[in-house]
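Presented below is the structure to which this report refers.
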2 protein chains.
Amino acid sequence: MIRLVLADDQALVRDGLKLLLELEPDIMVAGIAENGLQALNMAKQHKPDIVLMDLNMPEMNGAEATRAILKELPNTKILVLTTYTTDQWINDALNAGAQGFLLKDTPREDLIRAVKGTVEGKNFLDPQIAGSLLKNREQFSNEAPSWLNELNDRELAVLKCLAQGLNNQQIAASLFLSEGTVRNYVSSLLAKLEVQDRTQAAILGVKSGLGNSK
Amino acid sequence: MIRLVLADDQALVRDGLKLLLELEPDIMVAGIAENGLQALNMAKQHKPDIVLMDLNMPEMNGAEATRAILKELPNTKILVLTTYTTDQWINDALNAGAQGFLLKDTPREDLIRAVKGTVEGKNFLDPQIAGSLLKNREQFSNEAPSWLNELNDRELAVLKCLAQGLNNQQIAASLFLSEGTVRNYVSSLLAKLEVQDRTQAAILGVKSGLGNSK
DNA sequence: CCAAACTGATGACAAATGTCATGATTCTAG
DNA sequence: CTAGAATCATGACATTTGTCATCAGTTTGG
């Protein structure tokens, strides 16, 4: 049995969704909220498996509420239901840690599938919304980190350090090398990456996902 | 009428998909390929609206084929059909520019919907695959770039340049300032961001999404 | 065994970077 | 009007960075 909290500022939508969801035998609407603040309180009170969250709400918007709920109850799943794909808060909600995004014109069967799937850890993204995610991604992860192969272990280690913003002295300490040696590795690194200086190398590293994993 | 090219190395899958797709009156299977190379040729020959692409294929895998096709025919949509969510090539295909990702156990109706939606520019991501995208995103876009408010226009402009890897001279040229002035702005920037050098500032900038938009 | 590659190191040098003090304009609020 | 901002600029200076030539062990493949 899936326990669910519903948050939307429009009464009609709330009531409609409630009916729609309770047609499903293994879904139980544990609480209904009219704004983000109520959603947070409902979540704390009922500890639901999943929260269906509207974005545009008074008091506390969906993104803020998502962040607040996840801070208290990190295992709760948040499925965002929004009206417009251009909603400026989609990005916020994404960052706040929402697990899924649906448009309100999603057919009932899809909504039910998304609710159940989200509880199981899947991530449902409406096709109209997914585009921005894909584009965003392109900005960051480079198409072909082909140079990863050209770099030897040391150079790769140095690049990781660069991507973390260390200077030569810190890198030397970190890798137990002399500073001069580090300078040499940085130098050959720059040549292989075909960049002009450590900053450009660091940017490449960050964009390729280095610099996060120690 | 949607013209479609199908690429999969398994005969059964090819035949099954062909039958399944042609049940739909407004979809026409223009070509069938057994590997990536054939897919590329088929695409060049038939100029389809969309290519259904398997990832694991001999000769040229799906990701490479995707990249090759998009290079020649940038308006073609590529919908990837894969068997496993852990497929190591998913990332490659994503970077190669595929517009959608489905698992092969997707029901027929969803497949049809995805094909039509993808042609219309939507992005269908299987819920099991979308997760990695969301996680990836978390690494990069910082939740609260609070310092963004503390920076004035010039400093922000300089930070953008830093995030693009420009040196002081290039920044000066770009913003029509003297190099010395740029050095001053960089200096105050570093203080406000509480970092030690331009590399660390650039990393912050990149992680916050600057450095992409001019 | 020997050449080649790899790894780590030094010193010297030019260029880029970061910090500071200081000035000149211009704009704005009291 | 005037003090104080914001903006742009200089020059001087110490430090960091990047490049190069060179050297010395160690490993490895032929």
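Order of the sequence lines sets the chain letters (A, B, ...), proteins ahead of strands, with each chain counted from 1.
- By the side chain to side chain donor-acceptor pair (under 3.5 Å) test, B:Glu64 is found to be paired with B:Asn61, residues two or more places apart in sequence or in another chain being considered.
- In this entry the distance linking CG of B:Asp153 with P of D:dT7 reads 7 Å, nearest Å.
- At a threshold of 4.0 angstrom between heavy atoms, the contacts of A:Thr181 include nucleobase atoms, whether or not backbone atoms are also involved.
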Tell me, for nucleotides 11-27 of chain C in 5' to 3' order, what letter each nucleotide earns: B for a base near a protein heavy atom under 4.0 Å, S for only sugar-phosphate near one, - for neither? -B----BBBB-------

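- In this model, no donor atom of one side chain and acceptor atom of the other lie less than 3.5 Å apart for A:Asn167 and A:Arg198.
- A search for salt bridge (Lys or Arg N to Asp or Glu O under 4.0 Å) contacts involving B:Lys47 returns nothing, not counting sequence neighbours.
- Between A:Phe176 atom CZ and C:dT7 atom C1' there is a gap of 17 Å when expressed in whole angstrom units.
- Environment of CG in B:Leu12: sparse, with no more than 12 heavy atoms of neighbouring residues, nucleotides or ligands closer than 6.0 Å.
- Counting non-hydrogen atoms of neighbouring residues, nucleotides and ligands closer than 6.0 angstrom, the CD atom of A:Gln169 reaches no more than 12 such neighbours.
- In this entry the distance linking CG of A:Leu189 with P of D:dT17 reads 14 Å, nearest Å.
- Residues B:Val115 and B:Ile50 come closest through the heavy atom pair O-CD1, 3.8 Å.
- Summary of helix geometry: the two end axes of the helix from C:dC1-D:dG30 to C:dG30-D:dC1, each defined by five base pairs via their C1' atoms, are inclined to each other by 40° (rounded to 10°).
- For A:Asp110, the side chain to side chain donor-acceptor pair (under 3.5 Å) test picks out A:Arg113, B:Arg113, with sequence neighbours left out.
- Look at A:Tyr185 and you won't find any side-chain N or O under 4.0 angstrom from OP1 or OP2 of C:dT7.
- The salt bridge (Lys or Arg N to Asp or Glu O under 4.0 Å) test applied to A:Asp54 returns A:Lys104, not counting sequence neighbours.
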